[in-house]
Amino acid sequence: MPEVTRRTLLAFAALASAVEPTLAEGEGASPELRALIGTHEATYVGLHRVVHQAGSSSQERKRADRIEQDALLAICSYPAISRGDRRAKAEYLLTAEARGELDLEEHMQAILHAMKR
């Protein structure tokens, strides 16, 4: 068995750091996170349909808003463990934030609690 030297370990670490980003780039979001994102996208469309529908009641708008908020909170609360999940979650939430959606204290609390898991 060949002797493991410090030089061998450093060479291996350099190789691993050069290869790892390539592997991480190919890692996609988990089916669970993709399902949560799909649900939020659908509820977001539903919310806008209700808000812009002539004759919709304030109760209907509040209900649609709550459903959309719950779907967004589910994404915020999702414990993204893999690199693919972390990247997909961050990209999606940055897009939502750019639209002005991450405006509740609950959103930030859910994101921070998910990071602790």
Side-chain angles (χ1 to χ4, degrees):
M1 178 175 212
E3 181 182 352
V4 178
T5 64
R6 193 166 99 158
R7 177 175 278 180
T8 306
L9 289 174
L10 288 173
F12 180 75
L15 177 63
S17 67
V19 172
E20 186 179 10
T22 306
L23 296 174
E25 289 170 5
E27 186 179 355
S30 66
E32 295 86 4
L33 181 57
R34 286 195 310 263
L36 290 174
I37 289 171
T39 298
H40 179 256
E41 289 173 338
T43 61
Y44 187 75
V45 168
L47 170 64
H48 282 274
R49 187 175 39 236
V50 170
V51 167
H52 297 295
Q53 180 181 7
S56 64
S57 69
S58 64
Q59 188 174 13
E60 290 172 317
R61 290 189 295 273
K62 284 181 184 178
R63 183 176 182 275
D65 182 58
R66 188 71 241 158
I67 292 169
E68 186 270 335
Q69 287 296 327
D70 287 346
L72 185 56
L73 279 170
I75 295 170
C76 292
S77 300
Y78 184 78
I81 296 170
S82 73
R83 288 177 190 246
D85 275 356
R86 287 192 304 267
R87 180 180 202 95
K89 180 178 175 176
E91 287 174 356
Y92 192 78
L93 291 178
L94 283 169
T95 300
E97 193 277 330
R99 292 189 305 244
E101 290 182 58
L102 289 176
D103 57 348
L104 298 179
E105 185 178 313
E106 298 169 68
H107 294 137
M108 188 54 64
Q109 289 175 355
I111 292 167
L112 292 173
H113 282 292
M115 290 171 64
K116 287 177 28 178
R117 296 182 190 144

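- For the pair Arg61 and Asp65, the salt-bridge criterion is not met [side-chain N within less than 4.0 Å of a carboxylate O].
- When hydrophobic clusters are built by joining Ile, Leu, Val, Met, Phe, Trp and Tyr residues whose side-chain heavy atoms come closer than 4.5 Å, directly or via intermediates, Val51 is not grouped with Ile67.
- Residues Glu60 and Ser57 share a closest heavy-atom pair of OE1-N, 2.7 Å.
- Ring planes of His52 and His48: parallel class, angle under 30° (limits at 30 and 60°).
- Connection of Tyr92 to Leu36 is established within a shared hydrophobic cluster, with ILVMFWY side chains joined at heavy-atom distances below 4.5 Å, either directly or through further cluster members.
- Residue-environment remark: CZ (Arg63) stays at or below the threshold of 12 foreign heavy atoms within 6.0 Å.
- The shortest side-chain heavy-atom distance between Leu94 and Glu91 does not fall under the 4.5 Å cut-off.
- The environment of CZ in Arg66 is crowded: more than 12 heavy-atom neighbours from other residues, nucleotides or ligands sit within 6.0 Å.
- Shown here for Cys76 and Ala114, the closest heavy-atom pair between the two residues is O-CB, 3.5 Å.
- Scanning all heavy atoms of the two residues, the minimum distance from His40 to Ala71 falls at CA-CB, 3.8 Å.
- A single hydrophobic cluster is not seen to contain both Leu73 and Met115; linkage of ILVMFWY side chains at heavy-atom distances under 4.5 Å, directly or through other members, places them apart.
- No chain of hydrophobic side-chain contacts below 4.5 Å, direct or via other Ile, Leu, Val, Met, Phe, Trp or Tyr residues, connects Leu47 to Val50.
- For the residue pair Tyr78 and Lys89, the shortest heavy atom distance occurs at O-NZ, 2.6 Å.
- Distance OG1/Thr39 to CD/Glu68: 12.0 Å, rounded to 0.5 Å.
- Side-chain contact between Leu102 and Leu72 is present, with heavy atoms from C-beta onward closer than 4.5 Å.
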Between Glu106 and Gln69, is a side chain to side chain contact (heavy atoms under 4.5 Å, CB included) present by the stated rule, with each step listed? CA-CA 10 Å; Glu106 298 169 68; Gln69 287 296 327; over 6 Å; no
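- With no hydrogens or angles considered, a side-chain donor-acceptor pair links Ser30 and Glu32 at under 3.5 Å.
- Taking 4.5 Å as the limit, every side-chain heavy atom of Glu97 sits out of range of all side-chain heavy atoms of Leu93.
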